[in-house]
Amino acid sequence: MIDARRAPEPMAISGWMTTSDGARVPYRIKGEGPPLLMIHGWSQSGAMFQHQLDTLSDRYRVIVPDLRGHGQSPAPAGGLRISRLARDIHELLAILGIERAALLGWSMGVSVILSFIDLFGTDQIDRLVLVDQPSSLMIASGMPEQERVTSGALFGFGELGDLAASLSGPAGEEVRAGFVRGMVSPAISDELLDWILKENARTAPDLAARLLVNHCMQDWRDVLRRIDRPTLVTGGAVSHVDPRSQRFLHEQIPQSRYYEFGADEGGAHFPFLEAPDRFNDVISSFLVE
């Protein structure tokens, strides 16, 4: 069993990609077999998935990049847009010679996958796993309450602007730390939380603020019904992401399944770290169906 109280020890970077616009993107690869590419969330890193690299690599070729400007990737000259991150993933698949892969996205990583589908279709996708991300984070003017619930909208325009300004301001690190603390379970160990916060702080504050604005301005609801690959959607019973928004994704995506991590299964926003054994079991069971 994996000790979920301890911070993982990330493996060394396996290789580097230079994107078509000059960004430097590192990635880790472990294992043989069908490719499984895992995409992390906003202001985090591929190191979040070390427990999956260690466990799922006994059956899959697990590929985990650090998105541009995150983790060990240096701050890029530009491209702080979800669409550009999706193109980075497309280019990474090409560089690695992968024609078809299972894709797993967590948080903002889900938005990257949905943008990938919007731009490039699903021909390169075998299966999808979408972990704890609303289909639309922005509360549009006049949006009915039920629509806010199902879309998972969290921010009004003014709130988002204020948050971005705070993140890039002098108290940005403190604001970001408070933001992240609201995404974990109360029972998380101090060691693991401190490690998550340190990984989060690798992303420069101004980069994190600009990317968050672009991320939150996207509405993916029209993309969901175009997904024609077997899909697992997961939510968390105690996540800051309303699980009703994850059930909505499941209802909108043909051929999808839904699993909700309970409070005793790491059911906040980091189940792959807070309950890695259960998370790995759920993902493995879906991938082999």
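It should be emphasised that the depicted structure is a prediction, and the values quoted were computed from it without experimental measurement.
The shortest side-chain heavy-atom distance between Gln44 and Phe49 does not fall under the 4.5 Å cut-off. With a 4.5 Å cut-off on side-chain heavy atoms, Gln124 and Leu103 do not count as touching. Residues Ile39 and Leu37 form a side-chain contact, since some pair of their non-hydrogen atoms from C-beta on lies under 4.5 Å apart. The shortest side-chain heavy-atom distance between Arg100 and Ile125 does not fall under the 4.5 Å cut-off. Looking at heavy atoms from C-beta onward, Phe248 lies in side-chain contact with Leu224 at the 4.5 angstrom threshold. Between Leu56 and Ser284, some side-chain heavy-atom pair lies under the 4.5 Å cut-off. In this structure, Gln52 and Val64 have side chains that are not in contact, with every pair of non-hydrogen atoms separated by 4.5 Å or more. Within the 4.5 Å cutoff, the side chain of Asp219 has no heavy atoms near those of the Leu137 side chain.
Ring pair His269/Trp106 is tilted by interplanar angle, where 30° to 60° counts as tilted. Using cut-offs of 30° and 60° on the angle between ring planes, the pair His250 and Tyr258 is parallel. The aromatic rings of His90 and Phe116 lie tilted to each other, with the angle between the two planes from 30° to 60°. Using bins of under 30°, 30° to 60° and over 60° for the plane-to-plane angle, the ring pair His70/His40 lands in the tilted bin.
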query: Given Met48 and Met38, is the side chain to side chain contact (heavy atoms under 4.5 Å, CB included) satisfied, shown in steps?
result: CA-CA 10 Å; Met48 298 287 113; Met38 307 181 73; over 6 Å; no

message: Let's go through Asp123 and Arg229 carefully: what are the C-alpha distance in whole Å and the side-chain angles of both, what is the deciding distance for side chain to side chain contact (heavy atoms under 4.5 Å, CB included) to 0.1 Å, and is it a yes or a no?
response: CA-CA 9 Å; Asp123 288 348; Arg229 294 292 184 266; 4.3 Å; yes

query: Does the side chain to side chain contact (heavy atoms under 4.5 Å, CB included) test come out yes or no for Val25 and Leu92, once each step is laid out?
result: CA-CA 9 Å; Val25 174; Leu92 179 59; 5.6 Å; no

query: Going through the distances and angles, do Asp194 and Lys198 end up as a salt bridge (charged side-chain N to carboxylate O under 4.0 Å, His left out)?
result: CA-CA 6 Å; Asp194 287 346; Lys198 287 176 182 177; over 6 Å; no

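For Glu191, the salt bridge (Lys or Arg N to Asp or Glu O under 4.0 Å) criterion is met by Arg6, not counting sequence neighbours. Under the salt bridge (Lys or Arg N to Asp or Glu O under 4.0 Å) criterion, Asp281 pairs with no residue at all, not counting sequence neighbours. Evaluation of the salt bridge (Lys or Arg N to Asp or Glu O under 4.0 Å) rule for Glu147 yields Arg221 as partners, not counting sequence neighbours. Qualifying side-chain hydrogen bond (donor to acceptor under 3.5 Å, both in side chains) partners for Arg84, counting only residues two or more places apart in sequence or in other chains: Ser20, Asp88, Glu91. With sequence neighbours left out, Tyr259 forms a side-chain hydrogen bond (donor to acceptor under 3.5 Å, both in side chains) with Glu265, Arg278. Residues satisfying the side chain to side chain contact (heavy atoms under 4.5 Å, CB included) test with Thr18, not counting sequence neighbours, are Arg24. Qualifying side-chain hydrogen bond (donor to acceptor under 3.5 Å, both in side chains) partners for Gln246, counting only residues two or more places apart in sequence or in other chains: none. Legend: residues meeting side-chain hydrogen bond (donor to acceptor under 3.5 Å, both in side chains) with Trp195, ordered by chain and number and at least two apart, are absent. Take Asp118 and apply the salt bridge (Lys or Arg N to Asp or Glu O under 4.0 Å) test, not counting sequence neighbours, and it matches Arg226.
Under a 3.5 Å cut-off, the side chain of Asn214 and the backbone N or O of Ile82 do form a donor-acceptor pair. Between the Arg68 side chain and the Gly78 main chain, a donor and an acceptor come within less than 3.5 Å of each other. Judged purely by atom type and a 3.5 angstrom limit, Ser14 uses its side chain to pair as donor or acceptor with the backbone of Ile29. In terms of modelled atom types and a separation under 3.5 Å, the side chain of Ser57 and the main chain of Gly31 share no donor-acceptor contact. Between the Asn200 side chain and the Ile196 main chain, no donor and acceptor come within less than 3.5 Å of each other. Listed for the Glu274 side chain is a donor-acceptor partner under 3.5 Å among the backbone atoms of Ser185. At distances below 3.5 Å, not a single donor-acceptor pair connects side-chain atoms of Ser285 with backbone N or O atoms of Val282. Not one N or O on the side chain of Arg127 forms a donor-acceptor pair closer than 3.5 Å with the backbone of Val288. Although no hydrogens or angles enter the test, the distance criterion places no donor-acceptor pair under 3.5 Å between the side chain of Arg148 and the main chain of Leu154.
Side-chain contact check for Ser45 and Glu199: at least one donor-acceptor pair (N or O, by modelled atom type) lies under 3.5 Å. Side-chain N/O atoms of Ser111 and Trp220 include a donor and acceptor closer than 3.5 Å. For the 3.5 Å distance criterion, the side chains of Asp228 and Thr122 qualify, holding a donor opposite an acceptor.
Remark: Leu67 CG to Leu85 CG distance equals 5.5 Å, nearest 0.5 Å. To the nearest 0.5 Å, the span separating CD1 on Ile113 from CD1 on Ile89 amounts to 8.5 Å. Between the CG atom in Leu249 and the OG1 atom in Thr231 there is a gap of 9.5 Å [rounded to 0.5 Å]. Once rounded to the nearest 0.5 Å, the distance linking OG of Ser135 with CD of Gln218 reads 12.5 Å. Put simply, CZ on Phe120 and CG on Leu93 are 10.0 Å apart, with the number rounded to the nearest 0.5 Å. Interatomic distance, CG of Leu104 versus CG of Leu232, reported as 8.5 Å (0.5 Å rounding).
Linking Ile, Leu, Val, Met, Phe, Trp and Tyr residues whenever their side-chain heavy atoms come within less than 4.5 Å places Met217 and Leu114 in a single cluster. Hydrophobic clustering of Ile, Leu, Val, Met, Phe, Trp and Tyr side chains at less than 4.5 Å, counting indirect connections, unites Leu53 with Met17. Val241 and Phe155 fall into different hydrophobic clusters, defined by Ile, Leu, Val, Met, Phe, Trp and Tyr side-chain heavy atoms under 4.5 Å apart, directly or through other members. When hydrophobic clusters are built by joining Ile, Leu, Val, Met, Phe, Trp and Tyr residues whose side-chain heavy atoms come closer than 4.5 Å, directly or via intermediates, Ile98 is grouped together with Leu119.
The number of heavy-atom neighbours closer than 6.0 Å to CD of Glu174, taken from other residues, nucleotides and ligands shown, is 12 or below. A 6.0 Å sphere centred on CD of Glu32 holds no more than 12 heavy atoms belonging to other residues, nucleotides or ligands.
Using a 4.0 Å cut-off between charged side-chain N and carboxylate O, Asp66 and Arg28 make a salt bridge.
Through side-chain heavy atoms spaced under 4.5 Å, either directly or across other Ile, Leu, Val, Met, Phe, Trp or Tyr residues, Ile13 is tied to Trp16. Through side-chain heavy atoms spaced under 4.5 Å, either directly or across other Ile, Leu, Val, Met, Phe, Trp or Tyr residues, Val238 is tied to no other residue.
Residue pairs meeting the salt bridge (Lys or Arg N to Asp or Glu O under 4.0 Å) criterion with at least one member in residues 52-63, sequence neighbours excluded, are Lys30-Asp54.
Partner Phe279 forms a side chain to side chain contact (heavy atoms under 4.5 Å, CB included) with one of Ile2, Val131, Leu273 and no other, that one being Val131.
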